[in-house]
There are 2 protein chains.
Amino acid sequence: MTRTYAGTIEMLRQAGLRPTRQRVGLAHLLFGQGDRHVTADQLRGEAETAGIKVSLATVYNTLHQFSGAGLLSEVFVEPGRSYFDTNTASHHHFFNVDTGDLADIPDGEVGVTALPVPPAGTAIDDVSIVVRVRKHQR
Amino acid sequence: MTRTYAGTIEMLRQAGLRPTRQRVGLAHLLFGQGDRHVTADQLRGEAETAGIKVSLATVYNTLHQFSGAGLLSEVFVEPGRSYFDTNTASHHHFFNVDTGDLADIPDGEVGVTALPVPPAGTAIDDVSIVVRVRKHQR
DNA sequence: GTGTTTGCAAAGTGTTTGCAATTTA
DNA sequence: TAAATTGCAAACACTTTGCAAACAC
């Protein structure tokens, strides 16, 4: 978690990304407050609220650049929406189908029993578990 | 697996769906050849090849109606593309990120170690494991 | 005949792209 | 100043919708 501007700038430099006003602002929103799960649109809204002027196209570019640099990971839970996760360690997710909220499953609470044998000619890249939850009706 | 026309028609009737020419044709493509994973567009292409005249809008409608009736399940592996699976039993998937192919993981080859405790106010709806694979480079 | 279903084309959603203007170093 | 980055608007891929014509019963 980077919290100072100097630290954010250093992080971006190390990732080979110029610390532009937009990137620094978005990095602050993303990495300044613990683990986060955001869509491009949500992040754009937060940036606006925070007074960071940035276009949606740049938010997308930035999220992909951060992913490429290993600062973010992408999570697939829904067609038509991309989520980005500041937790780049291997872990799993709860997805609330009613609200669209994505949350980490605490470490160790779930895992896979064994790795399956991948189809011929392929190798395993990533294993993800998504636990879909909904409002508990009573 | 339904293979006869009479069987397909009966299946649709039981699901509360009128056995229209389009629904019967698509059901044959879907349920007449073992477990399948298709996108709307793929199915549309197959229908065309098979000489079944059906619009893309109707393919979408039909896939959703079949899902609603429990004849299909929907699988989420990629933003911007919906996959439908003729296997409605609880099971998991391989997703080839290079080709877009989706395949079932044989029963028992993978499972979860334990169910995590869902966030307050929610209940678990579904647990899915997606194993992303890619061409094995040598 | 009556209500359901279909197909078209238009609209919608989320994302990406091309390129001139701006910014970083 | 040179190269990288941004923002806009247009383009995109996939999906959904509105509604008149066609179909199932």
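Sequence lines set the chain letters: A, B, ... in the order given, protein chains first and strands last, and positions in each chain run from 1. All figures in this text were calculated on a predicted structure; none of them were measured in a lab.
Inter-axis angle, ends of the helix from C:dG1-D:dC25 to C:dA25-D:dT1, five pairs per end, rounded to 10 degrees: 30°.
To the nearest angstrom, C1' of C:dT6 lies 15 Å from CG of B:Leu63. The distance from atom CG of B:Asn61 to atom C1' of C:dA9 is 15 Å, rounded to the nearest whole Å. Rounded to a whole Å, the CZ atom of B:Arg23 is 8 Å from the C1' atom of C:dT4. The CG atom of B:Leu56 sits 11 Å away from the P atom of C:dG7 (whole-angstrom rounding). The distance from atom CG of B:Leu26 to atom P of C:dT5 is 14 Å, rounded to the nearest whole Å. Remark: C1' of D:dT5 and NZ of A:Lys53 are 15 Å apart, rounded to the nearest angstrom. Rounded to a whole Å, the CG atom of B:Leu12 is 13 Å from the C1' atom of C:dT5. Protein atom CD1 of A:Ile52 is 13 Å distant from nucleotide atom P of D:dT6, rounded to whole Å.
A sub-4.0 Å separation between OP1 or OP2 of C:dG7 and a side-chain N or O of B:Thr58 is present. Distances shorter than 4.0 Å separate none of the side-chain N or O atoms of A:His64 from OP1 or OP2 on C:dT15.
With sequence neighbours excluded, no residue satisfies side chain to side chain contact (heavy atoms under 4.5 Å, CB included) with B:Thr88. Not counting sequence neighbours, A:Gln42 has no partner by the side chain to side chain donor-acceptor pair (under 3.5 Å) test.
Counting only distance, with no hydrogens or angles, the side chain of A:Asn96 and the backbone of A:Asp98 share a donor-acceptor pair below 3.5 Å.
No more than 12 heavy atoms of other residues, nucleotides or ligands lie within 6.0 Å of CG in B:Asp107, so this atom counts as exposed by the packing criterion.
Hydrophobic cluster of B:Ile129: the remaining members, joined at side-chain heavy-atom separations below 4.5 Å, are A:Phe94, A:Ile105, A:Val110, A:Val112, A:Leu115, A:Ile124, A:Val127, A:Ile129, A:Val131, A:Val133, B:Phe94, B:Ile105, B:Val110, B:Val112, B:Leu115, B:Ile124, B:Val127, B:Val131, B:Val133, listed by chain and number.
Of the residues in residues 69-87 of chain B, those placing a heavy atom less than 4.0 Å from an atom of DNA chain D are B:Gly80, B:Arg81, B:Ser82, in numerical order.
Taking a cutoff of 4.0 Å between a charged side-chain nitrogen and a carboxylate oxygen, B:Asp125 and A:Arg134 qualify as a salt bridge. Salt bridge present: A:Glu46 and A:Arg36 bring a charged side-chain N and a carboxylate O closer than 4.0 Å.
Between the side chains of A:Thr8 and A:His28, a donor-acceptor pair is found at a separation under 3.5 Å.
Under the 4.5 Å side-chain criterion, counting only non-hydrogen atoms from C-beta, B:Phe95 is in contact with B:Glu78. Using a 4.5 Å heavy-atom threshold, the side chains of B:Val130 and A:Phe76 count as separate.
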Polar atom pairs (N or O), protein with nucleotides 19-25 of chain C, under 3.5 Å:
unit_1: C:dT24; atom_1: O2; unit_2: A:Arg18; atom_2: NH1; d: 3.0
unit_1: C:dA25; atom_1: OP1; unit_2: A:Arg13; atom_2: NH2; d: 3.2

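Classification of the B:His93-B:His37 ring pair by plane angle, with boundaries at 30° and 60°, yields perpendicular.
Taking the side chain of A:Tyr60 as heavy atoms from C-beta on, and the options C:dT16, D:dT6, C:dT17, the nearest nucleotide is C:dT16.
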